[in-house]
Structure formats: C-alpha cells, structure tokens
Amino acid sequence: QVHLVESGGGLVQAGGSLRLSCAASGRAFSSYAMGWFRQAPGKEREFVAAINWSGASTYYADSVKGRFTISRDNAKNTMYLQMNSLKPEDTAVYCCAARYNAALTTDARNYRDWGQGTQVTVSS
C-alpha cells in the first residue's frame, strides 16, 4: 500500500497555471503506475492523465491534452501535474491515484490507492 498526499491547488484566473504535486510514501514508488483524476461538483469523477512507472509513457484526456503535463520523479517519490491555460471548466477537486505493478490505465476502478485531493478553482 502507498500513502498519497496532494498539494498545489488553489484559486487562479482563467489562462493561468498551477502545478500539482502528489507525494507518496510506503511501498517503492517506482513500482506504481500513477494517475490524476478530478471531480467537479455534481459531476462524476473523470480521468485527467496517467503515467507509467518510469515516466516514459503518458496518456491524457482529450479535454486537457496540450495544456496539462504529467511527470514523476521517482527519486523524490513524487508525481506532478503541470496545468497551463486553465479554464473555468477545469475547476474540480484533483486526486492522485496509484496502481501497483501494472500498466497505466484511464479506468479509476483499477487504482487501489488514492489521495484526499486538492481543490483547483479557475475564475473567469
């Protein structure tokens, strides 16, 4: 099991940027594929981005492709989500998730370990 803690959320104007971090502790971080998901009020949780154990493979939701970048630093046990050109529709609670010893996936049901989330609010 791995413990995940997100940080970096906040309030930003449309067009601005934020960088989210997901710090992991517990099992070897490099053994995990990781993902970012978000949930806006009244909406279902949706996939944002995922990265494999080494960082060599990434995948993005169409809604964030070209604006968001997922990365990881296994030496620091941390994953990141750089968010640029933010839009009001990006407003949500962003959570990171971990999947042990497996390929990256967009399906939230395949991630066992989850952080508590960090709020991102984009004003128009």
Practice prompt. Tell me whether Tyr80 is reachable from Leu86 by hopping between hydrophobic residues (I, L, V, M, F, W, Y) whose side-chain heavy atoms are closer than 4.5 Å.
Written response: no

Practice prompt. Check the side chains of Arg99 and Tyr111 for a donor-acceptor pair under 3.5 angstrom, ignoring hydrogens and angles.
Written response: no

Worksheet entry | Donor-acceptor pair, side chain of Glu6 and main chain of Gln116, under 3.5 angstrom | yes

Worksheet item: Within a strict 4.5 Å, meaning less than it, do heavy atoms of the Gln119 and Tyr94 side chains meet?
Response: no

Discussion item. Check whether Thr91 reaches the backbone of Glu89 with its side chain - one donor and one acceptor, N or O, closer than 3.5 Å.
Written reply: no

Worksheet item: Are the side chain of Arg38 and the backbone of Cys95 linked by a donor-acceptor contact shorter than 3.5 Å?
Response: no

Please tabulate, one pair per line, all N/O donor-acceptor pairs under 3.5 Å involving side-chain atoms of residues 10-20, not counting sequence neighbours.
from	atom 1	to	atom 2	distance (Å)
Ser17	OG	Asn84	OD1	2.9

Response to the item:
For Ala102 and Ala33 the tightest heavy-atom approach is O-CB, 3.4 Å

Discussion item. Would Leu81 and Thr69 count as a side-chain contact (heavy atoms from CB on, under 4.5 Å) here? Give the steps.
Written reply: CA-CA 6 Å; Leu81 185 68; Thr69 302; over 6 Å; no

Fill in: Expected output: side-chain Asp73 to main-chain Asn77 donor-acceptor under 3.5 Å
no

Discussion item. Applying side-chain contact (heavy atoms from CB on, under 4.5 Å) to Met34 and Cys22, what does each step give before you reach the verdict?
Written reply: CA-CA 10 Å; Met34 301 292 294; Cys22 173; 4.0 Å; yes

Item to complete: State, yes or no, whether a side-chain contact exists between Asp113 and Tyr32 at a heavy-atom distance under 4.5 Å.
Response: yes

Item to complete: For the pair Phe37 and Phe47, name the ring-plane relationship: parallel under 30°, tilted 30 to 60°, perpendicular over 60°.
Response: perpendicular

Practice prompt. Test the Arg72-Phe29 pair against the cation-pi criterion, namely NZ or CZ under 6.0 angstrom from the six-membered ring centroid and within 45° of the ring axis.
Written response: yes

Worksheet, complete the sentence: In terms of heavy-atom contacts, Arg67 and Ser85 come closest through NH1-O, 3.0 Å

Practice prompt. Flag yes if Leu104 and Trp36 sit in one hydrophobic cluster, no otherwise; membership is Ile, Leu, Val, Met, Phe, Trp, Tyr, and two members link when side-chain heavy atoms are under 4.5 Å apart.
Written response: no

Give every donor-acceptor pair under 3.5 Å between a side-chain atom in residues 58-65 and any protein atom, sequence neighbours left out.
from	atom 1	to	atom 2	distance (Å)
Tyr60	OH	Ile70	N	2.8
Asp62	OD1	Lys65	NZ	3.1

Worksheet item: Does Arg45 make a cation-pi contact with Trp114, if we ask for NZ or CZ under 6.0 Å from the ring centre and within 45° of the axis?
Response: yes

Worksheet item: So, for Ser54 and Asn74, which heavy atoms are closest and what is the spacing to 0.1 Å?
Response: CA-ND2, 4.4 Å

Practice prompt. Give a yes or no on whether Ile51 and Phe68 share a hydrophobic cluster (residues Ile, Leu, Val, Met, Phe, Trp, Tyr; joining criterion: side-chain heavy atoms under 4.5 Å apart).
Written response: yes

Worksheet item: Shortest non-hydrogen contact from Ser30 to Trp53?
Response: O-CB, 3.1 Å

Worksheet entry | Hydrophobic cluster membership, Val2 vs Tyr100, 4.5 Å side-chain cutoff | yes

